[in-house]
A.B. asks: 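Let me begin by handing over the structure; questions about it come next.
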Amino acid sequence: MYSYYNENTILYFDGEYLKATEAKIDLYGQSLHYGYAVFEGIRAYKTEKGEVKIFKAMEHFDRFKRSCELIHIPYNYNNEELVAACYKVLELNNMEEAYIRPLMICPPNMTLKAASESHLLICAWEWGAYLGEKLLRVMTSSYQRPNPKAFQIESKSSGLYVNSILASQEAKQNGYDEALLLDINGNVAEGPGANIFFEKNGKLFTPPPGNILPGITRATVIELARELGIPLEEKLFTIEELKQAESVFYCGTAAEVIGWDSLDGQTFPKPWTESLGKLLQQAYKAKVLEKEFKREAKVA
């Protein structure tokens with residue numbers, strides 16, 4: 001099993017820096033019993049100049065705050081101070097490249113009332129690309145993305161990720177690398193922890209907000225596509241349309257940018273090395289490392 005901490009690991013909890021082995025939470029908390037919590041996933045990189053930089057830290061904490069507000073968890077923090085706390089956690093753990101996890105949890109309360117107070121944890125660990133480096137064999141999940149009318153779908157809430165665990169586990173039990181979830185209307189939504197893009201006729205397509213968590217990496221990919229002059233459209237599309245794509249990729253903070261090999265056993269015709277996804281994968285890596293990106297050749 002992967003070890004996220006050891007006896008020397010330091011984390012931030014409610015304004016203090018503590019050893020992970022000594023930090024405690026209450027077993028009667030709403031977060032533990034009902035999944036009533038909010039989290040973020042953020043990455044720090046060692047840039048080309050040798051500096052440790054947290055990628056889009058303020059954007060992540062702005063979303064963190066909004067997620068809490070959407071599900072009525074008190075948020076009594078200054079985001080600039082929380083960004084500084086993240087850098088301090090990296091420093092105390094001698095980390096240059098790491099995955100950072102802020103988590104807002106709620107205290108003991110066995111009722112279903114909204115929380116009146118909250119507690120903040122920030123921890124970090126070294127973590128490679130979540131979905132690995134190889135092209136993914138993806139399966140259409142039997143699980144759907146939850147109904148937006150049943151939940152604040154754009155809140156990065158802990159309880160919502162049971163849906164992601166079920167979908168991802170189903171795919172792995174069936175011999176695939178990852179799952180793809182549809183929305184309640186049968187349109188393509190997203191992966192268990194990543195957004196989706198596909199390429200067709202020199203253009204990129206991605207689902208619009210509404211049934212997805214509109215990721216910060218997703219927004220970065222859209223920015224990069226515009227900078228590179230790649231046409232892009234946000235639209236609803238079906239599995240049948242997706243299977244006519246030339247290439248497909250997932251993106252997310254944990255996964256970064258990772259291409260697909262196949263969907264439900266059907267491979268995509270364009271070689272990944274010639275795809276717009278590969279180009280954006282390279283551009284994304286250059287951006288987080290603050291390297292100059294030179295487009296060497298036009299993608300076929």
Side-chain angles (χ1 to χ4, degrees), residues 2 127-147 153 160-208 210-215 217-218 221-222 225 230-282 284-285 299-300:
Y2 191 88
W127 211 17
Y130 173 66
L131 294 173
E133 305 291 342
K134 294 182 180 179
L135 298 182
L136 302 174
R137 294 171 298 111
V138 178
M139 167 191 162
T140 304
S141 180
S142 66
Y143 295 97
Q144 294 179 328
R145 179 80 171 146
N147 186 341
I153 209 77
L160 188 59
Y161 277 74
V162 174
N163 172 252
S164 298
I165 291 170
L166 292 172
S168 189
Q169 183 62 24
E170 178 189 46
K172 290 174 173 61
Q173 286 176 337
N174 282 279
Y176 293 87
D177 300 312
E178 189 54 289
L180 171 68
L181 293 99
L182 308 183
D183 65 23
I184 62 168
N185 298 310
N187 293 309
V188 171
E190 61 185 20
N195 293 121
I196 181 175
F197 289 78
F198 79 84
E199 174 184 352
K200 185 73 179 285
N201 297 327
K203 186 174 180 179
L204 286 177
F205 300 88
T206 191
N211 290 293
I212 66 169
L213 180 75
T217 306
R218 174 185 179 273
V221 167
I222 291 172
I230 299 170
L232 186 146
E233 181 181 348
E234 294 179 83
K235 58 168 279 188
L236 296 172
F237 53 89
T238 64
I239 277 289
E240 289 71 26
E241 187 174 354
L242 181 61
K243 288 183 176 179
Q244 298 301 312
E246 295 166 10
S247 69
V248 186
F249 64 91
Y250 270 152
C251 70
T253 297
E256 300 181 304
V257 177
I258 181 68
W260 289 22
D261 169 76
S262 59
L263 174 61
D264 300 329
Q266 177 184 315
T267 58
F268 294 96
K270 177 168 282 192
W272 175 246
T273 53
E274 300 174 11
S275 69
L276 293 174
K278 178 63 175 179
L279 178 66
L280 287 161
Q281 183 186 58
Q282 295 169 332
Y284 181 79
K285 200 66 176 179
V299 176

A.B. asks: Looking only at atom types and distance, does a side-chain atom of Gln281 sit under 3.5 Å from a main-chain N or O of Gly259, one as donor and one as acceptor?
C.D. replies: no

A.B. asks: Tell me the closest heavy-atom pair linking Ser168 and Glu178, and the distance in Å.
C.D. replies: OG-OE1, 2.9 Å

A.B. asks: Determine yes or no for a side-chain-to-main-chain donor-acceptor pair under 3.5 angstrom, with Glu246 supplying the side chain and Asn201 the backbone.
C.D. replies: yes

A.B. asks: So among Leu180, Thr238, Ile212, Val248, which one has a side-chain contact (heavy atoms from CB on, under 4.5 Å) with Val188?
C.D. replies: Leu180

A.B. asks: To check you understand the geometry: which heavy-atom pair defines the closest contact between Arg137 and Gly175, and what is its length?
C.D. replies: NH1-O, 2.6 Å

A.B. asks: When rounded to the nearest 0.5 angstrom, what is the spacing between CG in Asn147 and CG in Asn185?
C.D. replies: 8.5 Å

A.B. asks: Measure across Pro192 and Tyr250 and return the closest heavy-atom pair with its distance rounded to 0.1 Å.
C.D. replies: CD-OH, 4.5 Å

A.B. asks: Apply salt bridge (charged side-chain N to carboxylate O under 4.0 Å, His left out) to residues Glu233 and Lys200 and explain how you reach the verdict.
C.D. replies: CA-CA 11 Å; Glu233 181 181 348; Lys200 185 73 179 285; over 6 Å; no

A.B. asks: Return yes if some donor-acceptor pair links the side-chain N/O of Glu199 with the main-chain N/O of Ser275 below 3.5 Å, else return no.
C.D. replies: no

A.B. asks: How about Lys278 and Lys270: do any of their side-chain heavy atoms sit closer than 4.5 Å?
C.D. replies: no

A.B. asks: Is it true that a side-chain atom of Thr217 and a backbone atom of Thr253 form a donor plus acceptor pair closer than 3.5 Å?
C.D. replies: yes

A.B. asks: Between atom CZ of Phe197 and atom NZ of Lys203, what is the distance when rounded to the nearest 0.5 Å?
C.D. replies: 13.5 Å

A.B. asks: Checking the side chain of Gln266 only, and the main-chain atoms of Lys243 only, is there a donor and an acceptor separated by less than 3.5 Å?
C.D. replies: yes

A.B. asks: Passes side-chain contact (heavy atoms from CB on, under 4.5 Å), Asn187 versus Glu241? Steps please.
C.D. replies: CA-CA 10 Å; Asn187 293 309; Glu241 187 174 354; over 6 Å; no

A.B. asks: Dump the intermediate steps for side-chain contact (heavy atoms from CB on, under 4.5 Å) on Leu242 and Phe205, then the final yes or no.
C.D. replies: CA-CA 10 Å; Leu242 181 61; Phe205 300 88; over 6 Å; no

A.B. asks: Quick check: are there more than 12 heavy atoms from other residues, nucleotides or ligands sitting under 6.0 Å from CD of Glu133?
C.D. replies: no

A.B. asks: Tell me, do Asp177 and Asp261 make a side-chain contact under 4.5 Å, heavy atoms counted?
C.D. replies: no

A.B. asks: Assess whether side-chain contact (heavy atoms from CB on, under 4.5 Å) is satisfied between Glu240 and Gln244, documenting all intermediate values.
C.D. replies: CA-CA 7 Å; Glu240 289 71 26; Gln244 298 301 312; over 6 Å; no

A.B. asks: Test Phe249 against Val221 for side-chain contact (heavy atoms from CB on, under 4.5 Å), laying out the working first.
C.D. replies: CA-CA 11 Å; Phe249 64 91; Val221 167; 4.1 Å; yes

A.B. asks: Can you tell me if Lys134 has over 12 outside heavy atoms packed within less than 6.0 Å of its NZ?
C.D. replies: no

A.B. asks: Considering non-hydrogen atoms only, spot the tightest contact between Gln144 and Asp183 and give its length.
C.D. replies: NE2-O, 3.6 Å

A.B. asks: Can you tell me how the ring of Phe237 sits relative to the ring of Phe198, calling it parallel under 30°, perpendicular over 60° and tilted otherwise?
C.D. replies: perpendicular

A.B. asks: Is a side-chain donor-acceptor pair under 3.5 Å present for Gln169 with Lys172?
C.D. replies: no

A.B. asks: So, Asp264 side chain and Thr140 main chain: donor-acceptor pair closer than 3.5 Å or not?
C.D. replies: yes

A.B. asks: To the nearest 0.5 Å, what is the distance between CG on Leu232 and CD1 on Ile222?
C.D. replies: 5.5 Å

A.B. asks: Do you know which two heavy atoms are closest between Ala189 and Ile196, and how far apart they sit?
C.D. replies: O-CG2, 3.8 Å

A.B. asks: With distance as the sole test, does Asn195 use its side chain to make a donor-acceptor pair with the main-chain N or O of Cys251 at under 3.5 Å?
C.D. replies: no

A.B. asks: How far apart are the closest heavy atoms of Met139 and Leu263, and which atoms are they?
C.D. replies: C-CD1, 4.3 Å

